[in-house]
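Just so you know, ligand 1 is whichever comes first in the structure, and atom 1 is the first atom listed for that ligand.
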Amino acid sequence: MSRPTSLRVLKFGGSSVGSAEALRRAAAIVREALPAGGLVVVSALRGTTDHILEACAAAGAGDLASAQTHLAALRERHREAATGLGLLDTVEAPWKPLLDRLDQLLTGMAMLGEATPRGRDAALAVGETLSAHLAAACFQGTFQDVREVLRTDGRFGKARPQLEALRAAAAPWREALAGGALWITQGFLGATAEGHTTTLGRGGSDTSATLLGEALEAEEVQIWTDVDGVLSADPSLVPEARPIPRMSLGEAEALSAFGAKVLHADSLAPVGRAGFRLVVANTLRPGASRTEILPAPPLRAAGEVTSVAYKEGISLLRFPAAAGLEAPLDAARRLEEAGALRFGLIASPAGTLLAIRPDTPAAAKALDALAASDLPCESGWAVVALVGEGLRTDPLAALRHLAALGQEPIGGLLTGSSTVSIAFLVPESRLGDLIPRLHDRCVTCSQEQP
Ligand code: ASP
Ligand code: MG
């Protein structure tokens, strides 16, 4: 794909801008990565989003005093970071109307006795915007409001981007950035066509960065976080897990679908559409380990597995053959609407298995209701996935790895449409033993091809 500029977009998460010290580190990274300008997306300072949500909940419940306690803590925390950078005088002017607005929004919520999703998004925008002004001062760039370009629908709290409108609105940004500007903007926020503020869902600023990368025709988007890129396994179960230097988009998608927390699944779609390089790097060790996610897959040996992922808390529903497909499909739909994640729906002539993770109280309730209707339901399962481009050419390698580990009580194979992952169900109690052994067998011994 031809690109008019070699634009880079950098994104810093809440912990990477959480203190004066962290901001100083981020500034050094910006200087190094963007000597000729570019775009920087920043999250709210760590903990801010939770604070604002708690303040809204308190205000909505009529407790304005406690909402204002949260607001005071927020103001103090931000002032402390700005003071530590010697930038309090610079940011006080842009901050004042934002903090006043948050105060007014909370007062309004307390008067109404309700925090509406739209009001909450307006309040959350304050946290993101405070941080972007501070980062702009610290990185010596110019603040630009992302709501000028990041057009979304009106689903407050989990808005969906409107790609054509975003692309059209981004034209002046493309031009300015190609001319060498260094712009700092907010993550997580968008705006409807009417100009109402929306948010993309928790953890959404990675998605902001990749959506902006797409609209601005960037050649690279860098996500700066507090881990060493994407690891080959969860380090709490596998201490020798290591960063994967290069991986394909397909591998990254499979990993985030099956449990890896480092990348938000929504953030990967723009990479596939636009074909830029996505880099995940550690602010604490900028020169060390990082992962590059490439639109064209790196070479892998046949059968090579790059990582092992897992997700706990899965429940299995077993539908008898006589129930046909309607009943399981209907159950899956209802559970997903309530916020459950579906990990498998396997239909055979002998019956249908639905593997689901009830991630919200509403989903747990819907699951209880199904279980109460005499449907066999078991909790305490986990899904384990082997992920690697090598499985594309030799999918049976995954089964050989499993067989080599002996008689594992496998509850079902989940091979969906992805050709780079093979997943299966195991009782949760086996994870602690199985994951390190699988990692040891399939990942540790495989070497990346040049
Ligand atoms: N500040 C938002 C959150 O905490 C968005 C983000 O950090 O990605 O969810
Ligand atoms: Mg985040």
Side-chain angles (χ1 to χ4, degrees), residues 9-19 22-23 26 39-57 70-71 73-75 77-78 81 95 98-99 101-102 105 115 117-136 143 145-147 149-150 152 155-161 184-191 197-214 221-227 230 252 256 260-271 278-284 339 359-360:
V9 177
L10 269 57
K11 179 254 164 179
F12 291 93
S15 54
S16 307
V17 293
S19 63
L23 274 157
L39 182 66
V40 184
V41 178
V42 294
S43 294
L45 268 54
R46 186 186 39 216
T48 301
T49 301
D50 289 329
H51 250 307
I52 296 179
L53 286 174
E54 281 168 37
C56 292
H70 281 293
L71 177 58
L74 205 80
R75 184 185 288 121
R77 162 92 193 285
H78 281 77
W95 275 5
L98 295 168
L99 291 163
R101 170 142 173 85
L102 184 51
L105 283 164
R118 182 171 149 190
R120 253 198 321 260
D121 279 0
L124 288 170
V126 171
E128 306 293 321
T129 312
L130 289 170
S131 159
H133 278 291
L134 180 58
F143 167 79
D145 200 312
V146 79
R147 287 167 289 188
V149 292
L150 217 150
T152 69
R155 199 156 68 136
F156 296 102
K158 186 94 183 71
R160 284 163 293 211
I184 319 298
T185 196
Q186 312 101 313
F188 186 45
L189 305 183
T197 295
T198 55
T199 59
L200 302 178
R202 290 306 303 269
S205 48
D206 290 351
T207 305
S208 307
T210 56
L211 283 170
L212 290 166
E214 177 182 21
V221 175
Q222 301 181 351
I223 307 280
W224 287 89
T225 170
D226 53 6
V227 296
V230 183
S256 69
K261 289 175 207 81
V262 58
L263 279 172
H264 205 284
D266 292 347
S267 69
L268 295 170
V271 185
L278 182 64
V279 177
V280 182
N282 189 344
T283 327
L284 293 169
D359 266 8
T360 61

Using the rule side-chain hydrogen bond (donor to acceptor under 3.5 Å, both in side chains), only one of S205, S16, S131 pairs with S43; which is it? S205
Touching ligand 1 at all, H264? Heavy atoms, strictly under 4.0 Å? no
Between D266 and T207: side-chain donor-acceptor atoms closer than 3.5 Å: no
So is G187 close enough to ligand 1, meaning a heavy atom under 4.0 angstrom away? no
Have a look at ligand 1 and work out which part of S43, if any, has a heavy atom under 4.0 Å from it: side chain, backbone, both or neither. side chain
Would you check if there is a donor-acceptor pair between the side chains of T49 and R202 at a distance under 3.5 Å? no
Side chains of T197 and D121: donor-acceptor distance under 3.5 Å anywhere? no
Within the side chain of T283, is there an N or O that forms a donor-acceptor pair under 3.5 Å with the backbone of T225? yes
G13 touching ligand 1 at heavy-atom level, < 4.0 angstrom: no
Has ligand 1 got any nitrogen or oxygen that is less than 3.5 angstrom from a nitrogen or oxygen of G203? yes
Atoms in ligand 1 flagged as close to F188, the criterion being non-hydrogen separation under 4.0 Å: 2 (C), 5 (C)
Please report whether ligand 1 has a polar contact with R202, defined as an N or O pair separated by less than 3.5 Å (distance criterion only). yes
State whether the shortest distance between N or O atoms of D206 and N or O atoms of ligand 1 falls below 3.5 angstrom. no
R101 atom CZ, over 12 foreign heavy atoms within 6.0 Å: no
